[in-house]
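Shown next, in structure tokens, is the structure this report addresses.
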Amino acid sequence: MSDAQHFMRLALQEAELARVAGEVPVGAVLVKDGVVIARGSNAPIGLHDPSAHAEMRALRAAAALLGNYRLPGCELYVTLEPCAMCAGAMMHARLARVVYAAPDPKTGAAGSVLDLFAYAQLNHHTVVEGGVMAEEAGQLLKDFFAERRAAAKARKQGLGEV
């Protein structure tokens, strides 16, 4: 197993924590010098915070640990392609590398919908790699949304039988 797969597996564990909490299953780990220094799981619903994406939570934890909002030399592993908010925060943090699993065809900002990382005018350029363990991460998301649709259908049918 490669380092990228090892760290992505840890991010998938964070995604599972989000799923168990009823959140969209996205997880992230932030690595410095080959060591995980921060983790994050999606929590916008539970925290009533639209910015509580897994990546943002990992970035905040790492910045607090290192005492700096800049995180040079750090790598972030996340189970879903970052959105525009998260991509912007990653560039502001000066991450060296971002590795994501599944593409996000609706809000992905690393190439699926737009590619914020590709703008030459920006003063920091983060290396981005997608597709690491994409099948596993994608299946977790598909299963989560299938369960939510089934639950919504069951509730709707239950209301119709009053």
Side-chain angles (χ1 to χ4, degrees), residues 1-63 65 71 73-118 125-153:
M1 177 184 321
S2 72
D3 284 349
Q5 289 172 321
H6 168 72
F7 293 125
M8 192 61 72
R9 193 163 307 286
L10 297 176
L12 283 164
Q13 291 172 1
E14 292 297 314
E16 180 60 21
L17 293 175
R19 185 195 67 76
V20 168
E23 302 278 355
V24 175
V26 178
V29 295
L30 203 135
V31 176
K32 184 168 178 61
D33 300 324
V35 176
V36 174
I37 63 168
R39 298 169 182 262
S41 57
N42 244 15
I45 298 166
L47 294 178
H48 310 291
D49 178 357
S51 71
H53 290 192
E55 304 97 301
M56 299 293 283
R57 296 182 74 207
L59 288 169
R60 287 178 187 133
L65 177 74
L71 304 171
C74 291
E75 299 179 338
L76 184 84
Y77 295 82
V78 60
T79 59
L80 184 64
E81 179 182 357
C83 70
M85 172 185 67
C86 293
M90 291 169 193
M91 288 186 284
H92 280 290
R94 305 291 196 260
L95 293 183
R97 182 175 175 221
V98 173
V99 179
Y100 69 88
D104 186 346
K106 294 185 178 182
T107 64
S112 289
V113 176
L114 64 139
D115 191 349
L116 291 178
F117 296 98
H125 301 281
T126 300
V127 174
V128 178
E129 178 183 349
V132 174
M133 300 184 71
E135 189 173 319
E136 293 91 331
Q139 193 62 54
L140 185 61
L141 287 159
K142 287 175 190 168
D143 292 347
F144 174 79
F145 287 113
E147 290 169 14
R148 284 188 57 176
R149 284 189 299 275
K153 184 177 180 181

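Computed from a predicted structure; not experimentally measured.
The two residues Ala52 and Pro44 come nearest to each other via the heavy atoms O-CD, 3.3 Å. Pro105 and Val113 make their closest contact through O-CG2, 3.5 Å (heavy atoms, listed as atom of the first residue, atom of the second, distance). A pairwise comparison of heavy atoms in Ala38 and Ala61 identifies CB-CB, 3.8 Å as the closest pair. Closest non-hydrogen pair, Leu12 versus Ala137, comes out as CD2-CA, 3.8 Å. What you find for Pro82 and Ala87 is that their closest heavy atoms are CB-N, 4.2 Å. Here the closest non-hydrogen pair linking Ala110 and Glu81 is N-OE2, 2.8 Å.
Between the side chain of Glu55 and the backbone N or O of Ala28 there is no donor-acceptor pair closer than 3.5 Å. The backbone N or O of Ala54 lies less than 3.5 Å from no partner atom in the side chain of Glu14, so there is not a single donor-acceptor pair. The main-chain N or O of Ser41 is found under 3.5 Å from a side-chain atom of Arg57 such that the two form a donor-acceptor pair. With Glu75 contributing its side chain and Val99 its backbone, the two residues share no donor-acceptor pair below 3.5 Å. A donor-acceptor pair under 3.5 Å is formed between the side chain of Thr126 and the backbone N or O of Leu95. Within the 3.5 Å criterion, the main-chain N or O of Leu80 finds no donor-acceptor partner in the side chain of Asp104.
The NE2 atom of His53 sits 5.5 Å away from the SG atom of Cys86 when rounded to the nearest 0.5 Å. Taken to the nearest 0.5 Å, the OG atom of Ser2 stands 9.0 Å off from the CE atom of Met133. One distance of note links CE of Met8 with CD of Glu136; it measures 10.0 Å at 0.5 Å rounding. Between the NE2 atom in His6 and the OH atom in Tyr77 there is a gap of 9.5 Å [rounded to 0.5 Å]. Atoms OG1 and CD, from Thr79 and Glu16 in turn, are 11.0 Å apart once rounded to the nearest 0.5 Å. For the atom pair CG of Leu30 and CG of Leu10, the computed distance is 12.5 Å after rounding to the nearest 0.5 Å.
When the options Val128, Val26, Val132 are evaluated for a side-chain contact (heavy atoms from CB on, under 4.5 Å) with Tyr100, the one that passes is Val128.
Inter-residue side-chain proximity for Asn42 and Pro25 is flagged as unmet; no heavy-atom pair is nearer than 4.5 Å.
By the 6.0 Å contact criterion, NE2 on His125 is enclosed, its count of non-hydrogen atoms from other residues, nucleotides or ligands being greater than 12.
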